[in-house]
2 protein chains.
Amino acid sequence: MRTPERSDRRPAGDDPADAIAAAWSRERPETPVGSIGVVTRIWQLAKHFGDDRRRVLAEAGVDPATLDLLSVLRRSGPPYTMSTRDLAVHSLVTAGAISQRVARAERDDLVTRRPAPGRSRAVLVELTPAGHELVERTVDRVLAREAQLLERLGPERREELAELLRELLDDVQDELKVQGVSHVGHEGLDQPGQG
Amino acid sequence: MRTPERSDRRPAGDDPADAIAAAWSRERPETPVGSIGVVTRIWQLAKHFGDDRRRVLAEAGVDPATLDLLSVLRRSGPPYTMSTRDLAVHSLVTAGAISQRVARAERDDLVTRRPAPGRSRAVLVELTPAGHELVERTVDRVLAREAQLLERLGPERREELAELLRELLDDVQDELKVQGVSHVGHEGLDQPGQG
DNA sequence: AGATCTGAATTTAGCGCTAAACATACAACG
DNA sequence: CGTTGTATGTTTAGCGCTAAATTCAGATCT
């Protein structure tokens with residue numbers, strides 16, 4: 001199950017996900033370990049990317065969740081304004097979380113909040129100049145750092161990987177949609193943060 | 001940059017990560033968007049897997065962080081005992097988080113905690129019968145559900161993906177180690193949870 | 001009109017995490 | 001021996017998230 005000789009920096013078999021699957025099989029031979037090679041690694045990579053991003057942003061005095069909010073607004077183009085509803089759809093977190101993100105960003109003068117003119121009880125959130133500036137100052141740094149973490153993989157394998165991930169994400173979203181998951185959203189700078 | 005015709009369930013170009021990269025390029029043409037196809041998708045998949053696991057476990061009355069702790073102990077084999085130090089190394093969270101996880105699990109009678117006999121100030125954590133039972137009752141359910149989410153990908157592509165992820169994880173861990181990251185650990189059931 | 005339903009945003013309770021401060025236990029050095 | 005160092009665990013402050021309760025505006029029914 002383990003393909004040999006691909007890393008010469010680390011002895012074969014020292015892979016954390018393989019070790020987990022092997023331990024389950026040893027202790028409980030019937031355990032269905034087939035998903036571990038994909039799911040565990042995705043989780044661990046997300047954790048590493050998230051922690052690293054938090055550290056990079058701490059130097060600039062922001063947190064990932066705030067930058068995520070500002071980035072969605074920045075990327076939407078002039079007039080850098082969206083309803084909280086739309087923000088929730090684009091952020092993969094609950095409406096309550098968006099409300100809190102906006103409140104924090106408003107406290108720090110990074111966005112303003114006002115009732116929408118005509119429609120119902122909607123609220124429009126707009127980037128302030130300070131918020132705009134903060135995005136400009138940090139986005140490239142974050143993305144460049146992430147590019148650096150992918151560098152060793154090489155462009156071809158990175159593309160292969162992106163393609164397989166695209167396919168899996170599409171499958172998973174369909175599967176979850178079928179089972180009636182509510183917040184179907186999915187964007188961000190490209191990632192929130194968890195404390 | 002976008003490979004055409006691979007999904008017939010979703011019109012090409014409707015991919016969330018592609019949409020993000022395209023929006024950055026439109027608004028800020030110099031933005032280094034190369035990593036988004038991999039990093040964003042990994043983040044989103046981790047979020048979906050994590051949310052789904054939380055829902056599955058809620059039915060059994062556990063949270064992912066607790067099951068993660070119990071799983072590390074269960075997988076270690078008899079006598080199902082580890083020091084908190086070792087638990088931290090195997091869990092990809094800080095020592096403080098482990099201390100809290102153990103405290104919660106002890107409150108619920110899933111583990112016991114006692115000072116190690118000889119050595120230093122170490123503390124040994126041991127699975128109780130109730131904790132053992134809880135693992136047996138839930139692990140297969142969680143892993144089977146995750147296998148179901150991967151099912152559509154097919155076995156060959158799943159193996160390709162696992163292999164690319166293994167390589168990337170190895171690269172990223174090396175890169176972070178060089179820069180002096182402390183908690184080098186990495187295991188779990190295979191994933192904690194973020195509240 | 002009054003009652004009820006629906007949709008949108010916010011608030012609250014509670015959890016889990018990080019970082020940093022704190023508290024020990026043991027070891028080594030002078 | 002006392003100080004200093006090192007390794008380990010716990011505690012605390014503060015953040016961000018979820019789920020559920022709440023508030024409020026407008027639409028619909030009778």
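These numbers come from a predicted model, not from an experiment. Naming convention: chains lettered A, B, ... in sequence-line order (proteins, then strands); numbering from 1 in each chain.
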Is any side-chain nitrogen or oxygen of [X] closer than 4.0 Å to OP1 or OP2 of [N]?
X: T84(B); N: dG9(D); result: yes
X: R85(B); N: dG9(D); result: no
X: R113(A); N: dT10(C); result: yes

Quiz item: Can you check whether R157(B) reaches L161(B) side chain to side chain, under 4.5 Å on heavy atoms?
Solution: no
What is the distance, to the nearest angstrom, from the [atom1] atom on [X] to the [atom2] atom on [N]?
X: D51(A); N: dG16(D); atom1: CG; atom2: C1'; answer: 14 Å
X: R54(A); N: dA19(C); atom1: CZ; atom2: P; answer: 5 Å
X: L92(B); N: dG16(C); atom1: CG; atom2: C1'; answer: 15 Å
X: D86(A); N: dG7(C); atom1: CG; atom2: P; answer: 16 Å
X: M82(A); N: dA8(C); atom1: CE; atom2: P; answer: 14 Å
X: R101(A); N: dA9(C); atom1: CZ; atom2: P; answer: 16 Å
X: I98(A); N: dT10(C); atom1: CD1; atom2: P; answer: 10 Å

Quiz item: Mapping R107(B) and A97(B) to their closest nucleotides on DNA chain C, which lands nearer the 5' end?
Solution: R107(B)
Self-check item: Partners passing side chain to side chain contact (heavy atoms under 4.5 Å, CB included) against T31(B) (at least two apart in sequence or in another chain)
Solution: V139(A), D140(A), L143(A), W24(B), R28(B), V33(B)
Quiz item: Touch check for S99(B), heavy atoms < 4.0 angstrom, all strands: base, sugar-phosphate only, or nothing?
Solution: base
Exercise. Decide, yes or no, whether a salt bridge links R152(A) with E167(B) under the criterion of side-chain N to carboxylate O below 4.0 Å.
Key: no
Practice problem: Evaluate the side chain to side chain donor-acceptor pair (under 3.5 Å) criterion for residues D63(A) and T66(A): first the C-alpha distance (whole Å), next the side-chain angles of each, then the deciding distance (0.1 Å), finally the verdict. | Solution: CA-CA 6 Å; D63(A) 60 277; T66(A) 299; 2.8 Å; yes
Exercise. Sort out for me which residue in E151(B), H48(B), Q148(B) forms a side-chain contact (heavy atoms from CB on, under 4.5 Å) with E175(A).
Key: Q148(B)
Quiz item: Can you name the one residue among L73(B), T81(B), L69(B) that meets side-chain contact (heavy atoms from CB on, under 4.5 Å) with L127(B)?
Solution: L73(B)
Exercise. Estimate the overall bend of the helix from dA1(C)-dT30(D) to dG30(C)-dC1(D) from the end axes over five pairs each, rounded to 10 degrees.
Key: 10°
